[in-house]
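Here the structure comes first, spelled out in structure tokens, and everything after it is commentary.
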Amino acid sequence: MFPYAPAVNAQPASDPIRFNRPCHSQIMNYGRGPVVFREHLTVIGVIILRKRLLGLTRLSRQITLLNFQPLSMASESHFKESLHNLYLEDEKHHRNPSEVKMSQIVLPCHANHCGELSIGQLLKWMDCTACLSAERHAGCPCVTASVDDIYFKHTISVGQVVNIKAKVNRAFNSSMEVGIEVRCEDLYSGHHWSICQAFATFVAKHTDANKVQLKQVVPCTHQEHVEHSLAAERRRMRLIHHDIMQDLLNPKNFQRSVSEENLDEDEALPTERTRVESVELVLPPHANHQVNTFGGQIMAWMENVATIAASRLCNAHPTLRTIDMFHFRGPSQVGDRLILKAIVNNTFKNSMEVGVCAEAYYGDEPLRHINSAFMTFEVLDEKGRPRPLPPIKPEPQEGQRRYQEALARKKIRLDRKYIISCKQTEVPLSVPWDPSNQVYLSYNNVSALKMLAAKNNWDLSSKKNNVSLYTMEESQSLCFRVEFEMEIPAQRAFILLSDLGRRHEWDQHYTLCKLLIRVDEDDFIYQVVTPSISKGGKDQDFILLASRRPPCDSWDPYVIALRSVALPTHPCTEEFHRGEVVCAGFTIYEVSKSVSKISYYNQASPEVLPYISTDIAGLSSSFYSIFCACRQYLLDNIVNPGIHCSSLDTQVVVTRQSSWYMALQYCMAIT
């Protein structure tokens, strides 16, 4: 559960602030339901006043000085949630202990010949800021392990100010995720705008041989809770990213020859003319305080040779737009020689991909692979629009391999940007599913539910026998949440509720639920059929991606996320009206070893809203009967779990690699 504020203590007699006794029927409502207090006098105003007088930085310290007691009508859990929401109200004044800020004015020495800030210089500043944040949290030296995809929205000109903010989102064992936000400021107009956002992974390194065990990050604001929760899903995506890329780039799975592109031999440019090779001697100014080559410096050198390669193709100054996720394979020290190689792998309509490789050696030792990256460039015209680029003619064998892999990476890159980077309201409902975008659809599925659950502006619509219905209207969409607590271990509730094949046993709206594809042990695709609301109307069917996630630590809930996808093998038919689910699913918190708090969320689409509209209007309580049936279903299956075993658990658990191979074979079969 969330970290709640400390228990309420009596006010010290010496405290200069005094409270009058108002009518004890005053009610405070902070989004989680009403709580009545005997002692209450404009609590928020008092907190702000005391904060200014005493200069305290933690809202929880203020709450311990208040003299109020909850009445018996408020349960302990609701009381704690209200205190937690009070704590979150101080979000504007809270500063993460690991947060580091850097501001740099762009000078001519930082810019290229166009007067724009070199991306290599920006990467150095970003890496430096993130490293300082990681070391502030770890209390020991840290090194850059990887950087996720970076999308650069705008360029930065000489004279403008770059503001970089970095903070640790979550710590694991010896690694941690650092979120980096880059904004630009115009000192003359006062305008601010976003440049990019990035997530870097740092590993803590002790000076001795002992392995570091990092302290956990304690999120204190709504935004920190969201980032803390999503960091676990991003880590999951990083860990399987390499295997997925290897599967998708396998020649057996991606067969596409250069001849299929219908290249014009007269217009195509040979890639050999774009090849760049440069050597750099690592000097003390290039090293960090651990005498290793600064990761940001390596990225800056790589960006430099990539820019030269792109310029040789287009005979103009290119603009770097994206850097794909990359990992540092090994360290480099002062005295090493770094060999940097770059070449254009492929050109598309308005962009090109440049591959860069960094290798190091010292003396007569063999080359060590330090890093590889893929960068996407554009060439802009006078109006700032991307110019069309000429096609390239790849070299035989290795050149053709790079050419084909660039085509596959382009699709993956578009999937990542389209599904992950855009806002939830911009994600289309039924994204076509295939193995190349499965990991990103799964991430979007889980992250959308976690962000919906983290909202704090829920309104209590109705409550009956401890089953509560909350609603929230946001961005022209209506969301609802059904919540209750019951005696069942959270893990058991998670297993039972994640099996959609048994949902018809308690949910009257699920007349059929058929498993179509078992992607892996955590992700499944179902076809769900629901009855029509109107008489004589067609039944509705949904193609749903179900993603289930156990908690990474005590802060996390069990998550079962649902969203619509499209399958070529299951198009719309005359028999059913195809419905869409934007975001839905369960979160299950462990209140104690035998008690769970179960919440169901749904961002109601036009196809889902009719099933719940009468409950929201207060004209019926069908939600109550459904979730009473859900509670009874869980109680009936809590005993003798071996007899009432989930069908998901009885299926053969396959490895992630073989699951992806099966999915790839499926995708190849339908094409």
Is there a side-chain contact between Val529 and Phe576 in this structure, where contact means two heavy atoms from C-beta onward sitting under 4.5 Å apart?
yes
Side chains of Asp459 and Thr471: do they bring a donor and an acceptor to under 3.5 Å?
no
Applying ring-ring contact (aromatic ring centres under 6.0 Å, His included) to Tyr558 and not counting sequence neighbours gives Phe494
Ser498 side chain to Ile495 main-chain N or O, any donor-acceptor pair under 3.5 Å?
yes
Are Lys597 and Thr587 packed together at the side-chain level, in the sense that at least one heavy-atom pair is separated by less than 4.5 angstrom?
no
Looking at every heavy atom in both Ala130 and Ala166, which two are closest together, and how far apart are they?
CA-CB, 3.8 Å
Tyr526 versus Ala546, closest heavy-atom pair with distance:
CE1-CB, 4.0 Å
Is there a side-chain contact between Arg548 and Val559 (heavy atoms, below 4.5 Å)?
no
Test side chain to side chain contact (heavy atoms under 4.5 Å, CB included) on Leu562 and Leu545 and set out the steps.
CA-CA 6 Å; Leu562 304 171; Leu545 170 65; over 6 Å; no
What I want to find out is whether Asp556 reaches Arg170 closely enough, with some N-O distance under 4.0 Å, to be called a salt bridge.
yes
Heavy atoms from other residues, nucleotides or ligands near CD of Gln527 exceed 12 (cutoff 6.0 Å)
yes
Distance (rounded to the nearest 0.5 Å) between Leu449 CG and Glu233 CD
11.0 Å
Check the side chains of Asp434 and Gln438 for a donor-acceptor pair under 3.5 angstrom, ignoring hydrogens and angles.
no
Lys514 bridged to Asp541 by N-O distance under 4.0 Å:
no
In this structure, CD1 of Ile638 is separated from CZ of Arg492 (nearest 0.5 Å) by 8.5 Å
Is the closest side-chain donor-acceptor distance between Asp539 and Ser532 under 3.5 Å?
no
So which heavy atom on Ala584 is nearest to which on Asn602, and how close?
CB-ND2, 3.7 Å
Got a donor-acceptor contact below 3.5 angstrom from the Ser596 side chain to the Ile488 backbone?
yes
Take Ile598 and Leu634 through the side chain to side chain contact (heavy atoms under 4.5 Å, CB included) test and state the conclusion after the steps.
CA-CA 11 Å; Ile598 302 173; Leu634 295 175; 3.6 Å; yes
Note, Ile588 side chain near Gln491 side chain (heavy atom, < 4.5 Å)
no
Flag side-chain contact, heavy atom, 4.5 Å: Val482 against Val467
yes
Among residues at least two apart in sequence or on other chains, which ones pass side-chain contact (heavy atoms from CB on, under 4.5 Å) with Ala138?
Cys140, Cys142, Met176, Ala204, Leu214
Report yes or no: do Asn445 and Tyr443 form a side-chain donor-acceptor pair below 3.5 Å?
no
Mind running side chain to side chain donor-acceptor pair (under 3.5 Å) on Glu485 and Asn466 for me, showing each step along the way?
CA-CA 8 Å; Glu485 289 187 9; Asn466 295 324; over 6 Å; no
Tell me whether Glu224 contacts the main-chain N or O of Cys220 through its side chain, where contact means a donor paired with an acceptor under 3.5 Å.
yes
Should the heavy atoms of other residues, nucleotides or ligands under 6.0 Å from CD of Gln216 be counted, would the total exceed 12?
yes
To the nearest 0.5 Å, what is the distance between CG (Leu460) and CG (Leu469)?
8.0 Å
Among Lys167, Arg236, Arg234, Arg235, which one satisfies salt bridge (charged side-chain N to carboxylate O under 4.0 Å, His left out) with Glu177?
Arg234
Taking atom types as modelled, find out whether Asn637 and Arg502 have a side-chain donor-acceptor pair closer than 3.5 angstrom.
yes
For Val168 against Ala134, the heavy-atom pair lying closest together:
CG2-CA, 4.1 Å
Heavy atoms of Phe172 and Ala231 approach each other most closely as CZ-O, 3.9 Å
In short, Ala454 meets Val226 closest at the heavy-atom pair CB-CG2, 3.3 Å
Just how far is it from atom CD of Glu483 to atom OH of Tyr600, taken to the nearest 0.5 Å?
14.5 Å
Counting distance only, does the side-chain N/O of Ser594 pair as donor-acceptor with the main-chain N or O of Glu487 below 3.5 Å?
no
Do the side chain of Arg503 and the main chain of Tyr510 share a donor and acceptor less than 3.5 angstrom apart?
no
Would you say Arg578 and Gln540 make side-chain contact, with heavy atoms under 4.5 Å?
no
Under 4.5 Å between any side-chain heavy atoms of Val217 and Asn169, yes or no?
no
Quick one, Asp522 and Arg549 - any side-chain contact, counting heavy atoms below 4.5 Å?
yes
To the nearest 0.5 Å, what is the distance between CD (Glu505) and CD (Gln632)?
12.5 Å
Assess whether side chain to side chain contact (heavy atoms under 4.5 Å, CB included) is satisfied between Arg238 and Thr201, documenting all intermediate values.
CA-CA 10 Å; Arg238 292 184 200 106; Thr201 302; 3.7 Å; yes
For Trp458, run the ring-ring contact (aromatic ring centres under 6.0 Å, His included) check against Tyr470, Phe480, Tyr601 and tell me which one passes.
Tyr601
Interatomic distance, OG@Ser564 vs CD@Glu580, rounded to 0.5 Å, equals 4.5 Å
Full working for side chain to side chain contact (heavy atoms under 4.5 Å, CB included) between Ser442 and Val439:
CA-CA 5 Å; Ser442 179; Val439 65; 5.7 Å; no
Is the ring pair Trp506/Phe586 parallel, tilted or perpendicular, if the boundaries are 30 and 60 degrees?
perpendicular
